[in-house]
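Naming convention: chains lettered A, B, ... in sequence-line order (proteins, then strands); numbering from 1 in each chain.
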Amino acid sequence: MAYWLFKSEPNAWSWEDQKRKGEAGEEWTGVRNYQARNNMREMKIGDLGFFYHSVKETSVVGVVEVCNTVHPDSTTDDPRWECVDIRAVADIPRPVTLADIKANPRLSDMVLVNNSRLSVQPVSEQEWREICRMGGLKEAPKSA
DNA sequence: GCCAACGTTGGC
DNA sequence: GCCAACGTTGGC
């Protein structure tokens, strides 16, 4: 069971859009970066992730679950690009901003802080619990 | 809107 | 295989 973080610019694909897809979830398309793709290759059904709004809000706003392992990205014919499917699991009661994360020494090793351009990134269990706590989630959501 | 950081492309 | 040029991302 691993933890991840998915970044999206809300103008392109927002947490609201993701929630609208409900239980069925949606393909996480559009990744054109090898490192991010390789992270998706590692994902298993039931892995949990944070949904992060980049650019405008710069905050963690939701929790998602991986509901389909990696497969070709339907938005391109280029066989190099693959993606997983994710579905919304829970709102973060109090969104955790990038400023909050940067201000927390326990999170100083987060990829989000040190490699801001990687759009799909791993999150350690400690980081996962800390952000859940900061966001007002009493306990980290369990996967179905 | 600017710019730093990073990734990719392509000439040599 | 190196590196300059270019494009994109994303924080501020």
>> Generate the contact string for nucleotides 6-12 of chain C. Rules: B means base contact, S means sugar-phosphate contact only, - means no protein heavy atom under 4.0 Å.
In response: -BBBSSS
> Are side-chain N/O atoms of A/Glu130 and A/Asn104 paired as donor and acceptor at under 3.5 Å?
Replying inline: yes
> Which of parallel (below 30°), tilted (30 to 60°) and perpendicular (above 60°) describes A/Trp128 and A/Phe50?
Replying inline: parallel
>> Students often mix this up, so state it plainly: with edges at 30° and 60°, are the rings of A/Phe51 and A/Trp15 parallel, tilted or perpendicular?
In response: tilted
> Between A/Glu125 and A/Arg129, does at least one N-O distance fall below 4.0 Å, as a salt bridge requires?
Replying inline: yes
>> Quick test of your reading of the model: are A/Asp47 and A/Lys44 salt-bridged, counting only N-O distances below 4.0 Å?
In response: no
